[in-house]
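What follows is one structure encoded as structure tokens, with my remarks underneath.
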Amino acid sequence: KKDLTVLMTQLGNHSLVREAERLFEQVGDADIVLYTSLMKMYSRSGDLRAVERCLQRIIAEGMEPDLIVYNTLIDAYGKHGTIAKATRAVSEMLARGLRPDVWTYSTLINLYARHRLLTKVRSCFDEMTERGVIPNITTYNTLIHAFTSSKDLTAAEVAYEQLQDAGLRPNVWTYSSMMKVYLLKQDVDSVRSCFRNMLQQRVRPNIIAYNTLIDALGQARLIEEMEAALLEMRANDVNADAYTYTTLLKVYASVGRISSMEETLQEMREQGATPNLVTWNTLLATYGSLNDVDRVRDTLAEMRADRVRPD
RNA sequence: UUAGGUACAUAUGA
């Protein structure tokens, strides 16, 4: 039961969801924790109706939905539903005497950010602090991302300062987010120093931090340094993923190094990374911009042979 | 059982 609980929170893949459902029914006496992870699984697979059914079942079986159940529900509405539904879930939660916590507010901030409602993002943060709920590092990371996606890079930098003033320590998510901010400002020096700062603070860069660094160096046309970063990443036992390779393909294409791009695609397959839709689109766009119709045709055929559906 | 459940970051084109 414990294992299934953990497993389900990591699933979103449709065939595995069906498998997990079977196991769930076999377990029988599901508790609220198992139900919550089932909700998250459905949320990840985008099945909002199934998420709602979980809540109904929890109630039908005489259990009291707790704060975590509602936080999961609100997040599901934020990702796949409407703000109105999320707001209703908050009211329902309050009616049950549950108090929104730092997770609830961070979820709501993220929800408003996804809907590009920057004013609501700010008012939600203010409401949180007024009610004595202390923002944590994830709250600030969410804010930084919210400001970044609405192109208010200055606000993102202010939030970064504020989190440190509040005595919080940036984590790898924070550093990656700030590297993206500097990348968008085309300030590769700041990207580099942010990465170094992360190392200095003994925060271990993960694949996302490296990918962001590689993208920034590539966009600055610092090809040698980008390749050095890739080597350093591997030396630290971080394996390149589809994002890494797609970024490399894009960078080589942008500097007209088509053969390097093709070698990289080859290497990608040798390393067992699977080209995805974005990878194929990047290749198609490259050959398309070169008016290389034959290559476009070949690439499209390869893509289909790989069972990737063009969008 | 001092166990298991919820929020945040990276690549393409429109």
Side-chain angles (χ1 to χ4, degrees), chain A residues 1-10 30-41 43-44 51 54 58 65-76 78-79 89 93 100-111 113-114 124 128 135-149 156 159 163 170-181 183-184 191 194 198 205-216 218-219 240-251 253-254 268 273 275-286 288-289 310-311:
Chain A
K1 188 153 140 192
K2 220 189 309 188
D3 290 340
L4 182 61
T5 303
V6 174
L7 182 72
M8 286 196 306
T9 66
Q10 297 164 3
D31 60 14
I32 196 149
V33 175
L34 190 55
Y35 267 115
T36 314
S37 62
L38 186 70
M39 287 176 81
K40 183 177 180 193
M41 180 181 78
S43 175
R44 290 185 55 140
V51 172
C54 287
I58 288 169
D66 64 9
L67 187 56
I68 300 183
V69 166
Y70 276 103
N71 287 344
T72 308
L73 180 68
I74 293 163
D75 184 55
K79 291 184 168 107
M93 182 181 89
D101 67 355
V102 63
W103 292 71
T104 317
Y105 280 109
S106 299
T107 302
L108 287 171
I109 290 170
N110 189 36
L111 180 159
R114 292 172 80 108
C124 191
M128 171 183 188
N136 64 17
I137 190 63
T138 296
T139 316
Y140 280 101
N141 290 344
T142 308
L143 272 186
I144 290 170
H145 185 238
F147 295 136
T148 304
S149 49
L163 105 235
N171 61 19
V172 66
W173 292 66
T174 321
Y175 287 116
S176 303
S177 300
M178 288 314 297
M179 286 168 62
K180 177 69 178 179
V181 168
L183 182 160
L184 291 171
V191 174
C194 186
M198 172 172 55
N206 61 12
I207 184 64
I208 296 181
Y210 276 111
N211 286 347
T212 311
L213 175 68
I214 287 167
D215 193 20
Q219 287 194 36
D241 65 4
Y243 279 73
T244 321
Y245 286 112
T246 305
T247 302
L248 293 171
L249 298 176
K250 173 192 72 171
V251 170
S254 73
M268 178 178 186
N276 61 23
L277 180 64
V278 176
T279 315
W280 291 116
N281 285 350
T282 303
L283 292 164
L284 289 169
T286 301
S289 70
D311 70 351

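Below, chain A is the first sequence line, B the second, and so on; all start at residue 1.
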*Do the side-chain N or O atoms of A:Lys250 get closer than 4.0 angstrom to the phosphate oxygens (OP1, OP2) of B:A11?*
no

*asked:* Just the rounded figure in Å: distance from C1' of B:U10 to CE of A:Met198.
replied: 12 Å

*When you check the gap from the basic side-chain N to the acidic O, do A:Lys40 and A:Asp75 get nearer than 4.0 Å?*
no

*Taking atom types as they are modelled, is there a donor-acceptor pair under 3.5 Å from the base of B:A7 to the side chain of A:Asn141?*
no

*Figure out the CH2/C1' separation between A:Trp280 and B:U12, and round it to whole Å.*
14 Å

*To the nearest angstrom, how far is A:Leu111 atom CG from B:U6 atom C1'?*
14 Å

*Taking the side chain of A:Lys79 as its heavy atoms from C-beta onward, which of B:C8, B:U6, B:U10 lies nearest to it?*
B:C8

*Could you work out which one of B:A7, B:G5, B:A11 sits closest to the side chain of A:Tyr243?*
B:A11

*What nucleic acid atoms does A:Thr5 come within less than 4.0 Å of, heavy atoms only: base, sugar-phosphate, or nothing?*
base

*Has the side chain of A:Asp66 got a donor or acceptor that lies under 3.5 Å from a partner of the other kind on the base of B:G5?*
yes

*Of all the choices, B:U10, B:G5, B:A7, which nucleotide is nearest to the side chain of A:Thr138 once you look at every atom?*
B:A7

_Any base atoms under 4.0 Å from A:Thr9, or only sugar-phosphate, or nothing? Heavy atoms, all strands._
sugar-phosphate

_Nearest to side-chain heavy atoms of A:Thr246, which nucleotide of B:A11, B:A7, B:A9_ = B:A11

*Quick one: pull up OG1 in A:Thr246 and CG in A:Asp215 and give me the separation to the nearest 0.5 Å.*
10.5 Å

_Distance (rounded to the nearest 0.5 Å) between A:Ile208 CD1 and A:Asp241 CG_ = 8.0 Å

*asked:* I need the CG-P distance between A:Leu163 and B:A9, as an integer number of Å.
replied: 15 Å

*asked:* What is the separation between atom CD1 on A:Ile74 and atom C1' on B:C8, rounded to the nearest whole Å?
replied: 16 Å

*Does B:C8 have OP1 or OP2 sitting under 4.0 Å from an N or O in the side chain of A:Asn110?*
yes

_Options B:G4, B:G13, B:U6, nucleotide nearest the side-chain atoms of A:Asp311_ = B:G13

_What I want to check is whether an N or O donor and acceptor connect the side chain of A:Asn276 with the base of B:A11 at under 3.5 Å._
yes

*asked:* OP1 or OP2 of B:G4 versus the side-chain N and O atoms of A:Lys40: is any pair under 4.0 Å?
replied: no

*Just call it for A:Ser176: base, sugar-phosphate, or nothing, with non-hydrogen atoms closer than 4.0 Å on any strand.*
base

*With rounding to the nearest 0.5 Å, note down the distance linking OG in A:Ser176 to CD1 in A:Ile207.*
10.5 Å

*Looking at the side chain of A:Thr282, which of B:U12, B:U1, B:U6 is the nearest nucleotide?*
B:U12

*Report yes if a side-chain nitrogen or oxygen of A:Lys2 is closer than 4.0 Å to either non-bridging phosphate oxygen (OP1 or OP2) of B:U1; otherwise report no.*
no

*Base, sugar-phosphate, or nothing for A:Asn136, non-hydrogen atoms under 4.0 angstrom?*
base

_Regarding A:Leu108, tell me which of base, sugar-phosphate or nothing describes its non-hydrogen contacts under 4.0 Å with the strands shown._
nothing

*Kindly say whether, by distance alone, the side chain of A:Ser37 makes a donor-acceptor pair under 3.5 Å with the base of B:G5?*
no

*Looking at the side chain of A:Asp215, which of B:U6, B:A11, B:G4 is the nearest nucleotide?*
B:A11

*Starting at OG1 of A:Thr247, measure out to CG of A:Leu213 and round the result to the nearest 0.5 Å.*
11.0 Å

*Closest to the A:Thr36 side chain, choosing from B:U10, B:G5, B:U6*: B:G5

*Nearest-0.5 Å distance, CG of residue A:Leu4 to CG of residue A:Leu38*: 8.5 Å

*Under 4.0 Å: is that the gap between some side-chain N or O of A:His145 and OP1 or OP2 of B:C8?*
no

*Rounded to the Å, how far apart are A:Tyr210 OH and B:A11 P?*
18 Å

*Rounded to whole angstrom units, what separation is found between the CZ atom of A:Arg114 and the P atom of B:C8?*
7 Å

_Between the base of B:G5 and the side chain of A:Asp31, is one N or O donor paired with an acceptor at under 3.5 angstrom?_
no

*To the nearest Å, how far apart are A:Lys180 NZ and B:C8 P?*
18 Å

*asked:* Is there a side-chain contact between A:Arg44 and A:Thr9 in this structure, where contact means two heavy atoms from C-beta onward sitting under 4.5 Å apart?
replied: no

